[in-house]
Asker: 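Just dropping this structure here.
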Amino acid sequence: MINPEVAVPLVVVFVAAAALVQRWMEHRERMAAIAAEAHRPPEDAARQTRLEQAIDTIALETERLGEGQRYLTRLLAERAERDGHAAVRPRSHERVDTPH
């Protein structure tokens, strides 16, 4: 029969070694996945470039819409002043609570 003073440390070492080997294998798999992702096909890079250009275009058009709105608002305010109508403006001393 095996002496318990030898068997217990032997089992602990065996279990620890098995756990270490498993963790090492998982680490290798993760590193391989990261390396594979680093070498993505060139069509992914081209797609990302097109996406960035589309986002830049949307941002530019949104800014143009804002400029047009500011211009139109200024024209309407000037027309209202010229025609003698009081422009409707929010009172600055009132606090407005927004729902967000």
Side-chain angles (χ1 to χ4, degrees):
M1 180 122 188
I2 298 178
N3 187 355
E5 292 176 356
V6 174
V8 171
L10 188 62
V11 169
V12 169
V13 168
F14 178 74
V15 170
L20 285 174
V21 168
Q22 180 185 9
R23 297 288 287 180
W24 177 66
M25 295 297 282
E26 289 173 358
H27 177 73
R28 284 186 59 200
E29 289 174 6
R30 265 189 254 128
M31 292 299 113
I34 290 172
E37 187 176 318
H39 300 291
R40 284 188 282 179
E43 61 265 4
D44 284 352
R47 182 177 183 203
Q48 183 174 1
T49 302
R50 288 192 313 271
L51 206 66
E52 289 172 354
Q53 289 173 348
I55 290 171
D56 289 341
T57 302
I58 291 170
L60 182 63
E61 292 300 322
T62 303
E63 181 61 29
R64 287 182 182 168
L65 285 170
E67 289 173 5
Q69 184 178 8
R70 286 189 294 274
Y71 176 73
L72 184 60
T73 303
R74 189 181 78 226
L75 284 179
L76 291 174
E78 289 173 358
R79 179 193 280 176
E81 287 177 9
R82 186 182 68 224
D83 293 343
H85 300 295
V88 178
R89 297 182 188 204
R91 289 179 241 160
S92 61
H93 67 276
E94 288 183 12
R95 181 178 175 164
V96 177
D97 290 327
T98 57
H100 55 286

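Because only heavy atoms are used, hydrogens play no part in the values below, and waters and symmetry mates are left out as well, while side chains stay in. All values reported here derive from a predicted model rather than from experimental measurement.
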Asker: Using a 6.0 Å cut-off, check whether atom CD of Gln69 has over 12 heavy atoms from anything other than its own residue.
Answerer: no
Asker: Would you indicate whether the side-chain heavy atoms of Arg28 and Met31 approach each other to under 4.5 Å?
Answerer: no
Asker: State the OG1-CG distance between Thr49 and Asp44, to the nearest 0.5 angstrom.
Answerer: 10.5 Å
Asker: Salt-bridge test for Glu61 and Arg64: reply yes if a basic N is under 4.0 Å from a carboxylate O, no otherwise.
Answerer: yes
Asker: Would you check, one step at a time, whether the test side-chain contact (heavy atoms from CB on, under 4.5 Å) holds for Arg23 with Leu20?
Answerer: CA-CA 5 Å; Arg23 297 288 287 180; Leu20 285 174; 5.5 Å; no
Asker: Rounded to the nearest 0.5 Å, what's the gap from CD1 on Ile55 to CG on Leu51? Could you check?
Answerer: 4.5 Å
Asker: State which residues pass salt bridge (Lys or Arg N to Asp or Glu O under 4.0 Å) with Arg70; sequence neighbours excluded, sorted by chain then number.
Answerer: Glu63
Asker: Applying side chain to side chain donor-acceptor pair (under 3.5 Å), can you list everything that pairs with Arg74, at least two apart in sequence or on another chain?
Answerer: none
Asker: Do any pairs count as a salt bridge (charged side-chain N to carboxylate O under 4.0 Å, His left out) and have a residue in residues 46-59, sequence neighbours left out, and if so which ones?
Answerer: none
Asker: What pair of heavy atoms forms the shortest contact from Pro9 to Pro4, and how long is it?
Answerer: CD-O, 4.1 Å
Asker: How long is the straight-line distance from CG of Leu76 back to CD of Glu81, given to the nearest 0.5 Å?
Answerer: 11.5 Å
